[in-house]
K.L.:
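One structure, as structure tokens, below. Some questions next.
In what follows, every heavy atom counts, from backbone to side chain, and hydrogens, waters and symmetry copies are set aside. All ligand and atom numbering here is 1-based and tracks the order in the structure.
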Amino acid sequence: MTPREASQAPLEFGGPLGVTAMLLLLPATMFHLLLAARSGPARLLGPPAYLPGLEELWSPRVLLLLFIWLGLQVALYLLPARKVAEGLELKDKSRLRYPINGFQALVLTAVLVGLGVSAGLPLGALPGMLLPMAFATTLTSFIFSLLLYAKALAAPVSALAPGGNSGNHIYDFFLGRELNPRLGSFDFKYFCELRPGLIGWVIINLALLMQEAELRGSPSLAMCLVNGFQLLYVGDALWYEESVLTTMDIIHDGFGFMLAFGDLAWVPFTYSLQAQFLLYHPQPLGLPMALLICFIKAIGYYIFRGANSQKNTFRKNPSDPSVAGLETIPTATGRQLLVSGWWGMVRHPNYLGDLIMALAWSLPCGISHLLPYFYLLYFTALLVHREARDEQQCLRKYGRAWQEYCKRVPYRILPYVY
Ligand SMILES: NC(=O)C1=CN([C@@H]2O[C@H](COP(=O)(O)OP(=O)(O)OC[C@H]3O[C@@H](n4cnc5c(N)ncnc54)[C@H](OP(=O)(O)O)[C@@H]3O)[C@@H](O)[C@H]2O)C=CC1
Ligand SMILES: CC(C)CCC[C@@H](C)[C@H]1CC=C2C3=C(CC[C@@]21C)[C@@]1(C)CC[C@H](O)C[C@@H]1CC3
């Protein structure tokens, strides 16, 4: 790329050195977690009990299964949608169109899996295939990201992501050079963000529950809670699918290894860690404690959904009766910022709700091990970093109005603490 074409956007994630470390560390962490969950001591820190050989990781049959899964999700994506939504305006003033049929894909997948299981599909065998499945998915994500990068090299400058065209090949491969890579109307980033990984996570959880029921006669209360909570989270994401169109992943980040690996491999294989842990380390859970955990989950969900819906309603129609009475700050762009309601409590109330829910997902696993709390730790780091990135973008977008908002609402995620 000539220097004229390279973007001047500041480098993120520690620049080329930082992303090289992440390229290696992310898959290594995922495999460490998969191995630790099935090992006796289930240690989050410290070396794994053993290192699997290639014969344990590589299976052409599992690769075929992965492609069948991806093919099924592509087919469901291409089915007629109840609605086609428009994305935000792009640099060239055009808007892309996106099918809103993610929830339909979840329901149809559940129906197909249900039919398969009643016809003898051994879903309980999936937990035994997680290692080769994660290996096949990592390999697929890597090759897919290489193809995306090669495609992006031929893309016009107007199609590039603001942050992923620094001119450094490794950095751009990791962050993603092209903003919205598509084949015809098929949008790779939008498809990957919400379908194969997120729905795959629910299926892996269900398989772990079925395997537990096979081993111990019935699924444990802890396993049922983890399955129910995470199904609610995925169902909610797909029900409100349209709101993903305004996230930084869609409007700002390119589609490279970070999101391809994150969406396809990281989400299903690490977000299912609590259920994996419970299969190999059953935890007693009494009814009073279960009720308390449900209460924590309900508070988290109430804040998460309340905050996200309030912002989405306000962005779509500021005169909607449910948000019309809220106090706002005008900005030079013509848009307004909410300064009362959920968004007057902290600057990221939705992150607070999400973190409370993350705590509720780990609590059914007891407090004897740190491993099931990995998601909470990782997610706190992800959201603190994401909040800082969003803050920079909002400051660029809204200038003085954003500074005024920060003065009026001084805390970022946790009132009076952070
Ligand atoms: N489980 C997981 O791994 C992850 C989950 N998430 C969840 O996904 C959801 C979306 O998160 P994310 O995309 O990071 O960010 P948000 O949904 O919080 O969106 C941030 C944007 O909201 C707008 N905004 C900020 N403050 C205000 C205000 N006061 N009034 C009106 N608009 C405001 C700004 O955009 P603009 O003004 O342009 O509208 C800002 O860029 C969250 O609930 C998060 O918890 C996110 C990442 C990972
Ligand atoms: C492992 C890497 C360092 C980072 C990978 C990040 C991705 C796993 C996440 C980036 C943004 C995400 C969002 C969601 C899932 C995780 C990823 C893909 C949601 C779909 C989760 C459900 C919420 O309701 C919406 C989220 C949007 C962002």
K.L.:
Side chain of Arg177, backbone of Asn165: donor and acceptor closer than 3.5 Å?
P.N.:
no
K.L.:
Applying a heavy-atom cut-off of 4.0 Å, say which part of Trp342 lies close to ligand 1: side chain, backbone, both or neither.
P.N.:
neither
K.L.:
Of the side chain and backbone of Leu382, name the one, both, or neither that has a heavy atom under 4.0 Å from an atom of ligand 1.
P.N.:
side chain
K.L.:
With distance as the sole test, does Gln230 use its side chain to make a donor-acceptor pair with the main-chain N or O of Gly228 at under 3.5 Å?
P.N.:
no
K.L.:
Can you pull out the closest protein heavy atom to atom 15 (O) of ligand 1? Residue, atom name and distance to 0.1 Å, please.
P.N.:
Tyr351 OH, 3.6 Å
K.L.:
Which protein non-hydrogen atom lies closest to atom 16 (P) of ligand 1, naming both residue and atom, and how far is it?
P.N.:
Asn350 ND2, 3.4 Å
K.L.:
Where on Cys394 is there a heavy atom closer than 4.0 Å to ligand 1, on the side chain, on the backbone, on both, or on neither?
P.N.:
side chain
K.L.:
Is there a side-chain contact between Tyr233 and Phe304 (heavy atoms, below 4.5 Å)?
P.N.:
yes
K.L.:
Checking Phe188 against Phe255 for the ring pair (Phe, Tyr, Trp, His ring centres under 6.0 Å) test, could you report, in this order, the C-alpha distance in whole Å, the side-chain angles of both residues, the deciding distance, and whether it holds?
P.N.:
CA-CA 8 Å; Phe188 291 112; Phe255 194 37; 7.4 Å; no
K.L.:
So if I count the atoms of ligand 1 from 1 in the order they appear, which ones are less than 4.0 Å from some heavy atom of Phe304?
P.N.:
43 (O)
K.L.:
Are Tyr375 and Tyr271, when compared by the centres of their aromatic rings, separated by less than 6.0 Å?
P.N.:
yes
K.L.:
In ligand 1, which numbered atoms sit nearer than 4.0 Å to a non-hydrogen atom of Trp343?
P.N.:
18 (O), 26 (N), 27 (C), 29 (N)
K.L.:
Provide, to 0.1 Å, the distance between atom 45 (O) of ligand 1 and the closest protein heavy atom, together with that atom's residue and name.
P.N.:
Asp354 OD2, 2.5 Å
K.L.:
Give me the nearest non-hydrogen protein atom to atom 2 (C) of ligand 1 as residue plus atom name, then the distance to 0.1 Å.
P.N.:
Phe379 CE1, 3.2 Å
K.L.:
Identify the closest protein heavy atom to atom 31 (C) of ligand 1: which residue and atom is it, and at what distance?
P.N.:
Arg315 NH2, 3.3 Å
K.L.:
Considering only heavy atoms, which protein residues lie less than 4.0 Å from any atom of ligand 2?
P.N.:
Met22, Leu26, Glu193, Leu194, Tyr233, Ala237, Asp249, Gly262, Asp263, Trp266, Val267, Tyr271, Phe304, Arg386
K.L.:
Do Lys189 side-chain atoms and Leu179 backbone N/O form a donor-acceptor pair below 3.5 Å?
P.N.:
yes
K.L.:
Less than 4.0 Å between atom 8 (O) of ligand 1 and some protein heavy atom, yes or no?
P.N.:
no
K.L.:
Please report which non-hydrogen protein atom sits nearest to atom 46 (C) of ligand 1, along with the residue it belongs to and the distance in Å to one decimal place.
P.N.:
Arg386 NE, 3.6 Å
K.L.:
Please determine whether the number of non-hydrogen atoms from other residues, nucleotides or ligands lying under 6.0 Å from atom CZ of Phe186 exceeds 12.
P.N.:
yes
K.L.:
Considering only residues two or more places apart or on different chains, which pairs with a residue in residues 331-348 satisfy salt bridge (charged side-chain N to carboxylate O under 4.0 Å, His left out)?
P.N.:
Arg347-Glu391
K.L.:
Main chain of Trp342, side chain of Gln310: is a donor-acceptor contact present, judged purely on distance under 3.5 Å?
P.N.:
yes
K.L.:
Would you mind running through ligand 1 and noting each atom that sits below 4.0 Å from a heavy atom of Tyr233?
P.N.:
1 (N), 2 (C), 5 (C)
K.L.:
Give the residue, atom name and distance (to 0.1 Å) of the protein heavy atom nearest atom 37 (O) of ligand 1.
P.N.:
Tyr398 OH, 2.4 Å
K.L.:
Would you call the rings of Phe257 and Phe173 parallel, tilted or perpendicular if under 30° counts as parallel and over 60° as perpendicular?
P.N.:
parallel
K.L.:
Could you list the atoms of ligand 1 found under 4.0 angstrom from a heavy atom of Thr247?
P.N.:
13 (O)
K.L.:
Is it true that Lys93 and Glu89 make a salt bridge, defined as a side-chain N closer than 4.0 Å to a carboxylate O?
P.N.:
yes
K.L.:
Checking side-chain hydrogen bond (donor to acceptor under 3.5 Å, both in side chains) against Asn308, which of Asn350, Thr313, Asp236 comes through?
P.N.:
Asn350
K.L.:
Would you check whether Glu387 reaches within less than 4.0 Å of ligand 1, judged by its heavy atoms?
P.N.:
no
K.L.:
Please list, chain by chain and in numerical order, all residues satisfying salt bridge (charged side-chain N to carboxylate O under 4.0 Å, His left out) with Lys91, sequence neighbours excluded.
P.N.:
none
K.L.:
Over 60° means perpendicular and under 30° means parallel, so classify the ring planes of Tyr77 and Phe191, tilted if in between.
P.N.:
perpendicular
K.L.:
I need the atoms of ligand 1 closer than 4.0 Å to a non-hydrogen atom of Tyr405, numbered in the order shown.
P.N.:
29 (N)
K.L.:
Considering only the protein, which heavy-atom contact is closest to atom 20 (C) of ligand 1, and what is its distance?
P.N.:
Asp390 OD2, 3.5 Å
K.L.:
Say whether, by atom type as modelled, one donor and one acceptor occur between the side chain of Asn205 and the main chain of Asn227 under 3.5 angstrom.
P.N.:
no
K.L.:
Under a 4.0 Å heavy-atom limit, does Leu338 contact ligand 1 with its side chain, its backbone, both, or neither?
P.N.:
both
K.L.:
Assess Asn308 for proximity to ligand 1: is some non-hydrogen atom of it under 4.0 Å away?
P.N.:
yes
K.L.:
Where's the contact between Lys311 and ligand 1, heavy-atom distance under 4.0 Å: side chain, backbone, both or neither?
P.N.:
side chain
K.L.:
For ligand 1, indicate whether the residue Gln393 contacts it via side chain, backbone, both or neither (heavy-atom separation under 4.0 Å).
P.N.:
neither
K.L.:
Does anything in residues 248-273 pair up under salt bridge (charged side-chain N to carboxylate O under 4.0 Å, His left out), and if so which pairs, sequence neighbours excluded?
P.N.:
Asp249-Arg386, Asp253-Arg389
K.L.:
Could you list the atoms of ligand 1 found under 4.0 angstrom from a heavy atom of Tyr375?
P.N.:
1 (N)
